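Here's the structure, in structure tokens; my notes come after.
Order of the sequence lines fixes the chain letters, A, B, ..., with proteins taken first and strands second; residue numbering starts at 1 for each chain. Note that the structure is a prediction, hence the values are computed from the model and not measured.
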Amino acid sequence: MIGSPAEGGAGGGAAARTVGAPLLEVRNLKKYFPVEGGILRRKVGEVKAVDDVSFTVREGETLGLVGESGCGKTTVGRTILRLEEPTAGQALFRSERLADEGLAGEGTMVDLTTLDRERLKRVRREVQMIFQDPNSSLNPRMTVQQILTEPFLIHGVGGSKEEIEERVVTLMGQVGLRPEQRARYPHQFSAGQRQRIGIARALALNPKLVIADEPVSALDVSIQGQVLNLLEDLQVELGLTYVFIAHDLSVVEHISDWVAVMYLGRLVELARGEDLYRNPRHPYTEALLSAVQVPDPDVQRKRIILEGGVPSPANPPSGCRFHTRCSYAPQADRMPRCNTEVPELHRAGGEQWVACHFAADLDLRGVEVPATG
Amino acid sequence: MASDRSTDSAAATVPATSGRHAPLLEIRDLKTWFHTERGTVRAVDGVDLAVGRNRTLGLVGESGCGKTVTALSIMGLVPPATTAISGNLLFRRKDGSEVDLAQIDPHSRTYRRIRGGEIAMIFQEPMTSLNPVYTIGNQIREAIQLHQEKPAGEARERAVEMLRQVGIADPEQRSVEYPHQLSGGMRQRAMIAMALSCNPSLLVADEPTTALDVTIQAQILELMQRLQGEFGISIIMITHDLGVVVGMADEVAVMYLGRVVEHGPMRPVFKAPRHPYTQGLLRSIPVLGAQVRQRLQPIEGLVPDPRATPPGCRFADRCPQVMERCADEPPLFEPAPSHLSRCWLSEAGG
């Protein structure tokens with residue numbers, strides 16, 4: 001019954017996407033925030049918000065980055081864009097713009113983490129961000145027209161005033177806003193429409209890569225669906241590549257080709273979406289999936305209730321950071337390893353990587369495909 | 001319009017009223033209107049609901065549909081100066097008497113006894129409802145002493161015991177800590193401990209897990225189910241999360257623009273939704289494992305301005321199955337036993 005008329009229009013867009021070479025390669029990315037204390041504000045410790053994260057995003061694909069609050073997923077996105085300066089590691093991005101200008105060095109990959117301000121500014125035309133809360137990311141004193149014109153002015157592109165204005169009208173149409181409303185201010189729009197303005201701004205300069213940080217989690221159910229469809233349509237239309245950061249596993253499954261699961265600053269699992277959801281290899285992924293409330297009374301799943309909350313990232317557990325909540329670790333033959341040795345992300349067969357010492361021994365439960373009908 | 005509504009509520013046999021058990025709370029034709037400078041907002045506009053003993057009613061809808069205002073009306077927490085409440089809120093008290101909460105002064109002694117003592121409420125963000133300058137234990141003790149005559153020492157022991165019951169480790173230590181020292185999940189547990197400390201018969205939970213992470217959400221929902229069994233309470237679970245409703249509710253009411261548009265036992269509402277709005281909501285969201293790369297079918301358009309609710313069916317301008325008759329507002333039909341739908345399509349049992 002649920003969603004039965006969906007079959008007709010199913011997946012039409014997805015098949016049309018072309019997937020290409022790596023567009024973004026994140027290698028051993030680290031971001032430590034200092035913790036200051038005492039009257040002299042000396043550094044007394046550090047929060048390892050992102051600790052040795054690596055992944056690759058190929059052109060035209062979507063990588064979903066999931067995890068609970070405080071796991072570092074937002075910091076990964078912000079560090080790639082250099083909204084935060086990384087502590088270590090590389091974020092290699094294939095910049096056609098810099099390559100065309102002969103500024104990319106060897107190959108066409110540039111390391112975003114070491115670019116000087118001038119080059120970074122140019123690359124930012126190709127890498128854009130969509131934020132969770134359009135209320136705080138849109139200037140309330142600017143009209144939509146001004147908000148969407150600003151990127152062109154900052155980068156000195158877009159041609160004459162008339163050409164930019166024409167482009168603003170096109171952009172508004174692309175994201176489903178009425179161009180006649182361009183003289184309005186953000187507060188005159190609904191939350192869903194404001195998120196569309198945020199999306200239009202991100203797309204203004206024809207980016208290749210869009211980092212979307214919880215773009216639908218502040219929206220009402222019916223509006224979430226509208227914005228997800230819009231993001232999918234734009235991906236096909238404009239050949240976009242997404243890093244989609246979210247905590248909602250259903251939304252991430254829907255939109256992502258690849259999914260990376262983070263826990264306390266580290267990747268615990270990285271795989272193709274269908275593999276990760278059907279056949280998780282890390283106990284944390286299994287627990288996360290089992291905790292999702294599915295709006296179908298026929299889906300009865302064994303729920304794994306994790307004890308306690310996420311430990312403080314300022315003082316993470318030794319060894320595997322998940323071992324304090326893991327239901328498989330307490331066995332005598334496992335614990336000595338789990339609480340001393342940090343598991344590295346390793347290939348667990350196929351296109352699936354996992355950071356668990358005992359991944360090969362565990363028989364974990366994924367999401368069962370509900371019977372259609 | 002007015003006569004329309006009265007036939008409406010008469011025709012609508014609210015599911016929980018049937019059978020031997022009288023409902024704990026029966027809401028009849030509740031209207032909560034806010035008078036603002038820019039017009040009257042009919043936040044709740046003729047709602048009939050009932051909550052049975054030891055049952056959970058799920059109240060779902062998007063922001064602005066009136067689900068929270070319904071809860072605040074029950075609690076007597078709407079600002080009286082600018083609000084007009086009408087209808088009945090018939091609540092059966094612990095002593096067996098029945099009281100109409102809509103008829104009594106929210107500041108009266110009776111209401112203050114009921115609020116907290118017999119009907120408790122928990123909120124989405126515990127930080128806004130816990131006082132940051134008092135310890136957790138003190139706040140629970142205060143709630144207990146407000147409703148029960150107990151010496152401070154005994155009340156303090158009861159507070160610690162409540163914290164233990166909601167699964168807080170080391171409750172003695174936690175009871176002398178301040179709200180900011182607790183994590184989000186623990187604060188929500190403390191809120192639940194406070195709400196249940198006076199043995200209420202009804203718990204109104206307004207988006208209790210929305211601000212929490214998935215794994216913590218699962219913990220809190222499990223806790224609420226366990227406590228419902230132990231304390232024998234009824235729950236009104238207000239949420240926008242359809243998955244949470246399936247996990248918790250016996251019955252579901254779907255609200256749209258101040259009206260209940262669909263109401264019935266949980267299973268048929270989710271498996272065979274009758275109202276196009278409910279159908280649309282379920283198609284709007286990706287379901288885990290179900291619709292990989294399938295295109296979502298969200299409801300078109302936006303929720304209309306509540307100051308200018310459209311005449312006729314309020315969902316008509318977003319409804320994919322709109323027809324001529326929708327210019328008149330449909331009453332609640334009963335297309336299947338105890339399953340109500342406010343849509344002309346349900347008239348002939350369809």
Side-chain angles (χ1 to χ4, degrees), chain A residues 1-3 5-7 9-15 68-69 190-193 220-229 232 247-251 253-255 273-274 277-278 287-299 303-310 325 366-370 372, chain B residues 60-65 167 169 183-186 209 211-219 221-223 240-248 266-273 277 279-303 318 320:
Chain A
M1 226 28 213
I2 297 167
E7 272 96 52
E68 298 181 278
S69 39
S190 70
Q193 287 172 322
D220 260 323
V221 174
S222 71
I223 311 300
Q224 276 195 18
Q226 293 175 3
V227 172
L228 286 172
N229 277 350
E232 287 180 331
H247 70 282
D248 185 324
L249 288 137
S250 312
V251 167
E253 181 191 31
H254 176 80
I255 202 158
E274 55 267 33
Y277 281 82
R278 304 279 172 273
L288 266 188
L289 291 173
S290 85
V292 177
Q293 308 278 333
V294 178
D296 182 343
D298 282 339
V299 178
R303 196 148 281 149
I304 301 163
I305 305 279
L306 290 180
E307 296 295 319
V310 180
R325 301 173 80 199
V367 177
E368 278 164 42
V369 189
T372 48
Chain B
V60 288
E62 300 179 277
S63 28
C65 73
S183 69
M186 251 195 303
T209 60
L212 304 174
D213 275 317
V214 246
T215 61
I216 309 299
Q217 168 174 301
Q219 290 173 4
L221 293 178
E222 196 202 45
L223 172 72
H240 70 283
D241 187 327
L242 301 168
V244 168
V245 176
V246 168
M248 289 287 292
M266 184 274 286
R267 212 185 150 75
V269 170
F270 278 85
K271 293 308 279 185
Y277 178 63
Q279 294 167 357
L281 273 186
L282 286 165
R283 278 201 289 268
S284 293
I285 47 167
V287 174
L288 198 70
Q291 300 178 336
V292 188
R293 281 292 174 191
Q294 272 198 6
R295 198 167 169 77
L296 300 172
Q297 308 218 314
I299 302 165
E300 299 291 320
L302 304 168
V303 178
R318 301 176 76 192

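- Using a 4.5 Å cut-off between heavy atoms, B:Val245 does not touch chain A at all.
- A:Leu228 touches chain B through its side chain: at least one heavy atom from C-beta onward sits under 4.5 Å away, while N, CA, C and O do not.
- Counting only heavy atoms from C-beta outward, the side chains of A:Val299 and B:Val287 never approach each other to under 4.5 Å.
- Taking the side chain as every heavy atom from C-beta outward, B:Val246 and A:Asp296 never approach each other to under 4.5 Å.
- Interface check for chain B: of the options A:Ala191, A:Ala287, A:Ser250, the most heavy-atom pairs under 4.5 Å are formed by A:Ser250.
- With a 4.5 Å cut-off on side-chain heavy atoms, A:Asp298 and B:Arg267 count as touching.
- Contact detail for B:Phe270 and A:Pro297: the closest heavy-atom pair is CB-CD, 3.7 Å.
- For A:Glu307, the part lying under 4.5 angstrom from a heavy atom of chain B is the backbone only.
- At a 4.5 Å heavy-atom cutoff, the contact between B:Met266 and chain A is made by side-chain atoms alone.
- For the atom pair CZ (B:Arg295) and CD (A:Glu232), the distance works out to 6.5 Å, reported to the nearest 0.5 Å.
- Heavy-atom distances place both the backbone and the side chain of A:Leu249 under 4.5 Å from chain B.
- Contacts of B:Ser63 with chain A are made by both backbone and side-chain atoms, with heavy-atom separations under 4.5 Å.
- Minimum interatomic distance between A:Arg303 and B:Ala218 (heavy atoms only, all atoms of both residues): CD-CB, 4.3 Å.
- One N or O on the side chain of B:Glu62 and one on the backbone of A:Ser222 form a donor-acceptor pair closer than 3.5 Å.
- Under a 3.5 Å cut-off, the side chain of A:Gln226 and the backbone N or O of B:Gly301 do form a donor-acceptor pair.
- For chain A, no part of B:Leu212 is nearby; none of its heavy atoms comes within less than 4.5 Å.
- Side-chain atoms of A:Asn229 come within 3.5 Å of backbone atoms of B:Leu296 as a donor-acceptor pair (strictly under, hydrogens ignored).
- At least one side-chain heavy atom of A:Gln293 sits less than 4.5 Å from a side-chain heavy atom of B:Leu221.
- To the nearest 0.5 Å, atom NE2 of residue A:His247 and atom CD of residue B:Gln217 are 8.5 Å apart.
- Taking 4.5 Å as the limit, some side-chain heavy atom of A:Pro295 sits within range of a side-chain heavy atom of B:Ile285.
- Of the two parts of B:Glu222, only the side chain, counted from C-beta on, holds a non-hydrogen atom closer than 4.5 Å to a non-hydrogen atom of chain A.
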